[in-house]
2 protein chains.
Amino acid sequence: MTQTQTRPTAREKLLAAAVQLVREKGYDATSVDSLCENAGVTKGAFFHHFKSKDELAIAATQFWTENAAQLFAKAEYNKFEDPLDQLIGYVDFRLQLVHGSTLPECTCLLGTMVQEKFETSPAIRDACYEGIHFHAAEVGKMIAAAKALHAPHASWNVENLGLYTQAVIQGAFVLAKAKNDVTLAADMILHLRRYIELLFHHAKED
Amino acid sequence: MTQTQTRPTAREKLLAAAVQLVREKGYDATSVDSLCENAGVTKGAFFHHFKSKDELAIAATQFWTENAAQLFAKAEYNKFEDPLDQLIGYVDFRLQLVHGSTLPECTCLLGTMVQEKFETSPAIRDACYEGIHFHAAEVGKMIAAAKALHAPHASWNVENLGLYTQAVIQGAFVLAKAKNDVTLAADMILHLRRYIELLFHHAKED
DNA sequence: GACAACATACCAACTGGTTGGTAATGCTAA
DNA sequence: TTAGCATTACCAACCAGTTGGTATGTTGTC
């Protein structure tokens, strides 16, 4: 799985092309030919590295998830001591990612692909869920720690709230795409932050 | 626009087929041929009623939006006197719609299509936004009335909250599709209800 | 010279869309 | 009322282009 190679091989170029093109045009509308062209690679190379287009899609979800994990691991908010500060910092970081980039750049590959393929390709669907769930679980760690510290008796479920952060972000992307306006995504994520603040603020008062 | 005909014409059968198939397989993966087959109509009929596949898509968004408007207009929650009860009732009604139906049945045509076509077809993108915005504005009316009555001095924006309800619902569908589990969507919508309650509960205390 | 990493040329199946035609319906004027 | 005509609604066959995928050839490296 974890293939560490120094030179940018055709495989990696194809994965990068997939991440870009699928977010722009969707999965079905992204042809193998356009993938190859974008990666500067021939069709022979494509089918040398991937048995099928669907196999590339699954590899791309792993590629995407690993890249995302690195991005968030390096972010500033991890340095905060209080897990609640980390959690709010995470949301602010997501706001930051949205600002100053175009829609295809900042939206999520997994959310885009799973909308298209959840019925027709269980393998792709599961691969997408794995990536989303992995990231939600990372957020869930912060939530669990913050809850233990600030709201140990609150009734809401930790795992669900982690998934909810991702649901809001995915939904924010859908609406932002519809309006063709990234700032709408930011507006939605601000509501998420207020929700988290209310959840903990409310708990503190108990 | 509003074509009132007694018999189910080929046009209406094609629109119904589009609503079903696009939610199942996505827009690109839904071929004109499969649309015709599902509607029990020939290809000639298709291109008699619609200049192109994209034109059908746009007509389908209007068809969808009108149907949805009727569904929600008939719902019980409209009878409540207090607009806040209406608003919570609306969220509960959405929960009800999710329960006891399969994913392709309960998910949103507009959110599904716009994810795929927002970059490649501005016309479809705008048509989807119009439908979403229309529905969000309906919810916004309840929010505005509830705010005027229960939280006139609260800082949050009415229009944004209306859109936020839709963002959560769209995101809930994305995650539910990924997990292949409708109940996950319900879990997410429950968070939305708690947020609204906190927003108004918090305001009342001021 | 063996093997991975590519490139080239190609294919059958399917794509959205067009064709020329026909059956049914509505409109109009005598 | 109805003959005459125009329009709408629909059909089956077909088209050129594109699709994912393959078969075979070439190259560089150990």
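Every chain is numbered from 1 and lettered A, B, ... according to where its sequence line falls, protein lines coming before strand lines. This is a predicted model, so every value here is computed, not measured.
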Worksheet item: Can we say R194(B) and E197(B) salt-bridge, meaning some charged N sits less than 4.0 Å from an Asp/Glu carboxylate O?
Response: no
Worksheet item: Which sits closer to the 5' end of DNA chain D, D28(A) or G44(A), going by the nucleotide each is nearest to?
Response: D28(A)
Response to the item:
When rounded to whole Å, the CZ to C1' distance for the pair F46(A) and dA4(C) reads 18 Å
Worksheet item: Rounding to a whole Å, what distance do you find between D33(A):CG and dG17(D):C1'?
Response: 12 Å
Worksheet item: Is it true that D28(A) and K117(A) make a salt bridge, defined as a side-chain N closer than 4.0 Å to a carboxylate O?
Response: yes
Worksheet item: Out of dG17(C), dG21(D), dC11(D), which nucleotide sits closest to the side chain of S52(B)?
Response: dG17(C)
Worksheet item: When the distance from CZ of R11(B) to P of dT8(D) is rounded to whole Å, what number comes out?
Response: 14 Å
Practice prompt. Please determine, for the side chain of K53(A), which listed nucleotide (dA9(D), dG21(D), dC6(C)) has the closest atom?
Written response: dG21(D)
Response to the item:
When W156(B), F200(B), Y164(B) are each screened for ring-ring contact (aromatic ring centres under 6.0 Å, His included) with Y195(B), the one that passes is Y164(B)
Item to complete: State which of dG21(D), dC11(D), dG17(C) makes the closest approach to the side chain of F47(B).
Response: dG17(C)
Discussion item. Using the side-chain heavy atoms of K43(A), tell me which of these nucleotides is nearest: dC6(C), dT18(C), dG20(D).
Written reply: dG20(D)
Worksheet item: Does a donor on one side chain sit under 3.5 Å from an acceptor on the other, for E24(B) and Q20(B)?
Response: yes
Practice prompt. Measure from CD on E37(A) to C1' on dA7(C) and round the result to the nearest Å.
Written response: 16 Å
Worksheet item: Is it true that the side chains of Y90(A) and R94(A) contain a donor and an acceptor less than 3.5 Å apart?
Response: yes
Worksheet item: Given atom NZ of K51(A) and atom C1' of dT22(D), what is their separation to the nearest angstrom?
Response: 15 Å
Worksheet item: Within the pair H49(B) and dC10(D), is there a side-chain N or O less than 4.0 Å away from OP1 or OP2?
Response: yes
Worksheet item: For T30(B), which contact category applies under a 4.0 Å heavy-atom criterion: base, sugar-phosphate, or nothing?
Response: sugar-phosphate
Worksheet item: Can you find a side chain N or O atom of T9(A) that sits less than 4.0 Å from OP1 or OP2 on dC6(C)?
Response: yes
Fill in: Nucleotide nearest T42(A) (side chain, heavy atoms from C-beta), chosen from dC11(D), dG16(C), dA7(C)
dA7(C)
Practice prompt. Answer yes or no: does a side-chain N or O of H48(A) lie under 4.0 Å from OP1 or OP2 of dA5(C)?
Written response: yes
Item to complete: To the nearest Å, give me how far apart CZ (F50(B)) and P (dT8(D)) are.
Response: 16 Å
